[in-house]
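Reminder, nothing fancy here: chain letters follow the sequence lines and each chain counts from 1. Quick note: numbers below take in every heavy atom, side chains included, and nothing from hydrogens, waters or symmetry partners.
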2 protein chains.
Amino acid sequence: MRRPTLEAVATRAGVSKSTVSRVVNGEATVGPDIRALVMRAVNELDYMPNPAARSLVTQRTDSIAVIVSDPPAGLVSDDPMFSTVVRAASREFEAAGKQVALMLAGTADSRLRVRQFVAAGHVDGVMLMSMHGADPLPAALAATGVPIVSHGRPAVSVDVPWVDNDNIGGAALAVRHLLDRGRRRIAMISGPLDMSAAQDRLGAYRATLRETGRRSIVAIGDFTRISGAEAMFQLLDDDPALDAVFAANDLMAIGALRALRRAGRRVPDDVAVVGYDDIEAALYTDPPLTTVRSPMGDQAVASARLLLGLLENRPMSSVVLPTELIVRDSS
Amino acid sequence: MRRPTLEAVATRAGVSKSTVSRVVNGEATVGPDIRALVMRAVNELDYMPNPAARSLVTQRTDSIAVIVSDPPAGLVSDDPMFSTVVRAASREFEAAGKQVALMLAGTADSRLRVRQFVAAGHVDGVMLMSMHGADPLPAALAATGVPIVSHGRPAVSVDVPWVDNDNIGGAALAVRHLLDRGRRRIAMISGPLDMSAAQDRLGAYRATLRETGRRSIVAIGDFTRISGAEAMFQLLDDDPALDAVFAANDLMAIGALRALRRAGRRVPDDVAVVGYDDIEAALYTDPPLTTVRSPMGDQAVASARLLLGLLENRPMSSVVLPTELIVRDSS
DNA sequence: CTGAAAGCGCTTACAG
DNA sequence: CTGAAAGCGCTTACAG
């Protein structure tokens, strides 16, 4: 019932454990006839190396942690971005023979657990997702000495390389598009200001309006649909004459569309709406949503490659990926 | 630079390794003064047990695999269900001290990798998600002897306990609701027929219509938005006079809403629409979507508990959770 | 090219 | 209640 060991294979093949180990690990220094003998024994016994025993001596685990800073309410993991990123990164890591352990770290408790897990040497590297400014995790993890990358630039300066899309350029694209369409009173629904993506998108919105001498009108959401709807109601209160709104992500834009419908405003006739991310749902809103396409999958792949490079001691630096405006009927 | 070992702690505390091990593992048989001594050394050195070494002797890994049968196109992981389930299950497992390794197994290659991973003893148990009928993975994994549960009843009979919602009851609720509203020609957009949820929902639709002497009108999708839109166009072709459609999930219902809009049909005036799942997006469609609420989070929690029970050798059996109709403006 | 031996860092009977 | 010793299943210098 117990699984076969190296020793069993060695006995069966009539060779030493060393030789079996070499064959199993693909070392070239084994004679072809002996190798064949060993392979046969391996197949007959359906042998697979015990990963714990291997890790114990190699000091590697061949697995990496993807850590998602997800509050208990599930703000992050309800975002379609979450699946896209986890999926793309998993593929990349698995192609490199690394197993992915997904960990959620939204509470103080789970942060502690995650830190312990990493510090105990469970994984060879860490990919961080959606880190808020106040989050102590990046620093705590960096202190363990394990290689780390962040998917998205961390809000506070901490010495981990990151990959992000061009939030500033993307937001500027959105606002200029609305100006080009002749919109005069362009409001923004911002994301939470302790996240760098939200900061950058808001900053670019403000800068672009300032260039043309226009005033900013801002409400803050938390990247969820419901917060987008609430922010939209507030903006309509603040400035009933607004004729456009730029939401810092598509989920909030979807919430805004609903709020505008409830308030009896037509989109785009009365109010133009632009989102950010280009999630699939943006194609299915009524009307379909104009949005900034952020290359989420590419960003995840780049993050994964960054970490894989770090694991091989290659010199690696942060990456910014370009964005693109997708014009649909909402603007 | 190397992390401290049991031995280092023992030396520092002036006791044996056995004693340190006992303290670290919370055994009660250690004198209070000695325990204090050890604890101090542990803290001073920031000691954490090496998990590989521990696993090697205990034959446990304290981690479990969540395996998602996700085709390369990402059908499953783009579904909001995916995040909800992964998140809820992760919480449950982590509360029990189990680490979660998320694995995607959509291709033959990745299925092989997953099987090897499990067979090699990387994990103590497996939770399967969204298994299609032809998928050889459940049987292959069952053969490894590792405890398995399936989130969702497997389409082919394989001896693993599962947790599912009451697909038959839920679908019947939806169809009866449409009948009660006076709808006469009720079409259905089914999910892929190699999945049990799709089979059951379609079966219940047919049975309920048959009871009242009505004909079925069915098109098949794959649970994605786009397939829902395509199926809706086909249904309109097949029966231009249809006055209601029941989609086997909300994503396809959202696609159907879009197709109906394109075809110039008003919802619910011309065609009533009902979905299944009650994902958050169902609240944000125009009009908001009537749907069957399936307790996805509860189902994930129940699946996790089922597996945890199995790991403790408790006798466990499959579970069916009740559903509920949520009536909104689309019907 | 192959093997005997040491050692990775733990846990756990077995003594006392 | 505490310790010495064996052993979990591998890899890897070191010899030959």
Discussion item. Within the 4.5 Å heavy-atom criterion, are A:S83 and B:S83 side-chain neighbours or not?
Written reply: yes
Worksheet item: On DNA chain D, nearest-nucleotide positions of A:V24 versus B:D33: which is more 5'?
Response: B:D33
Practice prompt. Check the pair A:R115, B:D46 against salt bridge (Lys or Arg N to Asp or Glu O under 4.0 Å), reporting the backbone distance first and the verdict last.
Written response: CA-CA 12 Å; A:R115 194 210 147 256; B:D46 193 24; 3.5 Å; yes
Practice prompt. For salt bridge (Lys or Arg N to Asp or Glu O under 4.0 Å), just list the numbers for A:K98 and A:E94, CA-CA rounded to whole Å, side-chain angles, deciding distance to a tenth of an Å, and then say yes or no.
Written response: CA-CA 5 Å; A:K98 307 290 178 192; A:E94 290 181 6; over 6 Å; no
Fill in: Given B:V23, B:I34, B:V24, the one that forms side chain to side chain contact (heavy atoms under 4.5 Å, CB included) with B:M39
B:V23
Discussion item. Is A:S21 close enough to D:dT11 that one of its side-chain N or O atoms is under 4.0 Å from OP1 or OP2 there?
Written reply: yes
Discussion item. Please check: side-chain N/O of B:S196 versus main-chain N/O of B:R153, any donor-acceptor pairing under 3.5 Å?
Written reply: yes
Discussion item. For A:E7, is there any backbone N or O sitting under 3.5 Å from a side-chain donor or acceptor partner on A:T11?
Written reply: yes
Worksheet item: D:dC1 P sits how many Å from B:E27 CD, rounded?
Response: 12 Å
Response to the item:
Taking Watson-Crick and G-U wobble contacts under 3.5 angstrom, with | marking pairs to another strand and [ ] crossing pairs, the secondary structure of DNA chain C is written |||.||||||||.|||
Worksheet item: For the side chain of A:T29, counting heavy atoms from C-beta on, which of D:dG9, C:dG9, C:dC1 is nearest?
Response: C:dC1
Worksheet item: Just wondering, do B:V149 and B:V160 contact through their side chains at under 4.5 Å, heavy atoms?
Response: no
Discussion item. To the closest 0.5 Å, what do you measure between NE2 (A:H132) and CE (A:M195)?
Written reply: 4.0 Å
Worksheet entry | Partner of B:V163 under side chain to side chain contact (heavy atoms under 4.5 Å, CB included), chosen from B:V320, B:L306, B:V301 | B:L306
Practice prompt. Can you tell me the distance, in whole Å, between the CG atom of A:L56 and the P atom of D:dG7?
Written response: 17 Å
Worksheet item: Judged by modelled atom types alone, do A:S21 and A:S18 share a side-chain donor-acceptor pair under 3.5 Å?
Response: no
Between the protein and nucleotides 3-6 of chain C, list the N/O to N/O atom pairs that are separated by less than 3.5 angstrom.
from, atom 1, to, atom 2, distance (Å)
C:dG3, OP2, A:S16, N, 3.0
C:dG3, OP2, A:S16, OG, 3.1
C:dG3, OP2, A:T19, OG1, 2.7
C:dG3, N7, A:R22, NH1, 3.2
C:dG3, O6, A:R22, NH2, 2.5
C:dA4, N6, A:S18, OG, 2.5

Worksheet entry | Residues in contact with DNA chain C, drawn from residues 41-50 of chain A - heavy-atom cutoff 4.0 Å | none
Practice prompt. State whether a side-chain donor-acceptor pair under 3.5 Å links B:N25 with B:R54.
Written response: yes
Discussion item. Both B:L6 and A:P32 contact DNA chain C. Which one's nearest nucleotide lies toward the 5' end?
Written reply: A:P32
Item to complete: Write down the distance between CD (A:Q59) and P (D:dT12), rounded to a whole number of angstrom.
Response: 11 Å
